[in-house]
Amino acid sequence: MDYFLQKVGGRPARQTVTLRRCTPAEAPAVFALQNEVRAAMPHPEQFVPDTLENIADYLRTGVCIGAWQQGRLGAYLILRLCGQSDENYAAFLGVPQSQWQHWANADSAVVHPDWRGNGLQRAMLEAALPPPQITHLGATVSPDNSYSLHNAQAGGFVIRCRREMYGGYDRYLLEKQL
């Protein structure tokens, strides 16, 4: 699916990127973009990175939508179908376990700084929409990361609670009803 960037590097532009599902073979590109974007963040502790092994697993078992331009990955979003796993964000929200199969985790949304401000997070989430049995999405965001929090809320997520996650990181836990 083609998507148009209205600005690149903060300047007006009209460039086409392709939103498509990433393959497990592209896990190194996803991992590299994650690390590049995190390294450039003023507060990298606001984003908990994944390992290459986890990313490769997510690309095999979940959905990863990437924004590509001439072989360059500039953004991605990972949607994990966790089912009855205790990693399902529904578990942290007190949702009865019988309902967990109706939840998916919107885990990572990463956009290169040059491509920010184009609505890519929302567009990738729409492109990644899960199977019909999924009725809710869960996500986490650092309370100090106002940019990501604003993007999530603009995409329909609401804050459900604030808690420690990922081994000691302060996070909002968000929900979106589909």
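Predicted model only: the values in this text are computed from it and were never measured.
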Candidate pair L73 and E26, rule side chain to side chain contact (heavy atoms under 4.5 Å, CB included), full reasoning: CA-CA 9 Å; L73 178 65; E26 293 168 329; over 6 Å; no
Would R171 and E164 count as a side chain to side chain contact (heavy atoms under 4.5 Å, CB included) if you check the C-alpha gap in whole Å, the side-chain angles of each, and the deciding distance to 0.1 Å? CA-CA 6 Å; R171 290 290 182 263; E164 188 176 289; over 6 Å; no
Let me see the working for T18 and M1 under side chain to side chain contact (heavy atoms under 4.5 Å, CB included), right down to the final yes or no. CA-CA 6 Å; T18 300; M1 162 178 154; over 6 Å; no
L173 and I159: CA distance, side-chain angles, deciding distance, side chain to side chain contact (heavy atoms under 4.5 Å, CB included) verdict: CA-CA 6 Å; L173 197 49; I159 298 171; over 6 Å; no
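Judged by distance alone, the side chains of Y89 and D107 do bring a donor and an acceptor atom under 3.5 Å apart. With no hydrogens or angles considered, a side-chain donor-acceptor pair links Q121 and N151 at under 3.5 Å. Side-chain N/O atoms of Y166 and T140 include a donor and acceptor closer than 3.5 Å. Under the 3.5 Å distance criterion, with hydrogens and angles disregarded, no donor-acceptor pair is assigned to the side chains of N118 and Y3.
Chaining together hydrophobic side chains whose heavy atoms lie under 4.5 Å apart leaves Y147 on its own.
Counting heavy atoms from C-beta on, the side chains of L33 and V30 never come closer than 4.5 Å. Within the 4.5 Å cutoff, no side-chain heavy atoms of L81 are placed close to those of T61. Residues P143 and R162 have side chains in contact (heavy-atom distance under 4.5 Å, counting atoms from C-beta outward). Side-chain contact between L19 and L120 is present, with heavy atoms from C-beta onward closer than 4.5 Å.
Under the 6.0 Å distance and 45° angle rule, R72 counts as a cation-pi partner of W115. Relative to the six-membered ring of F4, R14 meets both conditions, a distance below 6.0 Å and an angle of at most 45° to the axis. At least one cation-pi condition fails for R38 and F47: the charged atom is not both under 6.0 angstrom from the six-membered ring centre and inside a 45 degree cone around its axis.
We find the CD1-CZ distance between I55 and F31 to be 6.0 Å, quoted to the nearest 0.5 Å. Atom CD of Q153 is separated from atom OG of S148 by 11.0 Å, given to the nearest 0.5 angstrom.
Around CD of Q133, the count of heavy atoms belonging to other residues, nucleotides or ligands within 6.0 Å exceeds 12.
Under a hydrophobic clustering in which Ile, Leu, Val, Met, Phe, Trp and Tyr are joined whenever their side-chain heavy atoms come within less than 4.5 Å, directly or via other members, M165 and V48 fall into the same cluster. Residues M124 and V141 are members of one and the same hydrophobic cluster, defined by side-chain heavy-atom contacts under 4.5 angstrom among Ile, Leu, Val, Met, Phe, Trp and Tyr. Cluster annotation: W103 and F157 are assigned to distinct hydrophobic clusters (Ile/Leu/Val/Met/Phe/Trp/Tyr, side-chain heavy-atom contacts under 4.5 Å, transitive). Linking Ile, Leu, Val, Met, Phe, Trp and Tyr residues whenever their side-chain heavy atoms come within less than 4.5 Å leaves L125 and I78 in two separate clusters. When hydrophobic clusters are built by joining Ile, Leu, Val, Met, Phe, Trp and Tyr residues whose side-chain heavy atoms come closer than 4.5 Å, directly or via intermediates, L178 is grouped together with L174.
S85 is linked by a side-chain contact (heavy atoms from CB on, under 4.5 Å) to C82, E87, counting only residues two or more places apart in sequence or in another chain. By the side-chain contact (heavy atoms from CB on, under 4.5 Å) test, A128 is found to be paired with V63, I65, L77, L79, residues two or more places apart in sequence or in another chain being considered.
Q46 places a side-chain N or O within donor-acceptor distance of the main-chain N or O of D144, the cut-off being under 3.5 Å.
Put simply, the residue from N88, T135, V95 that forms a side-chain contact (heavy atoms from CB on, under 4.5 Å) with H102 is T135.
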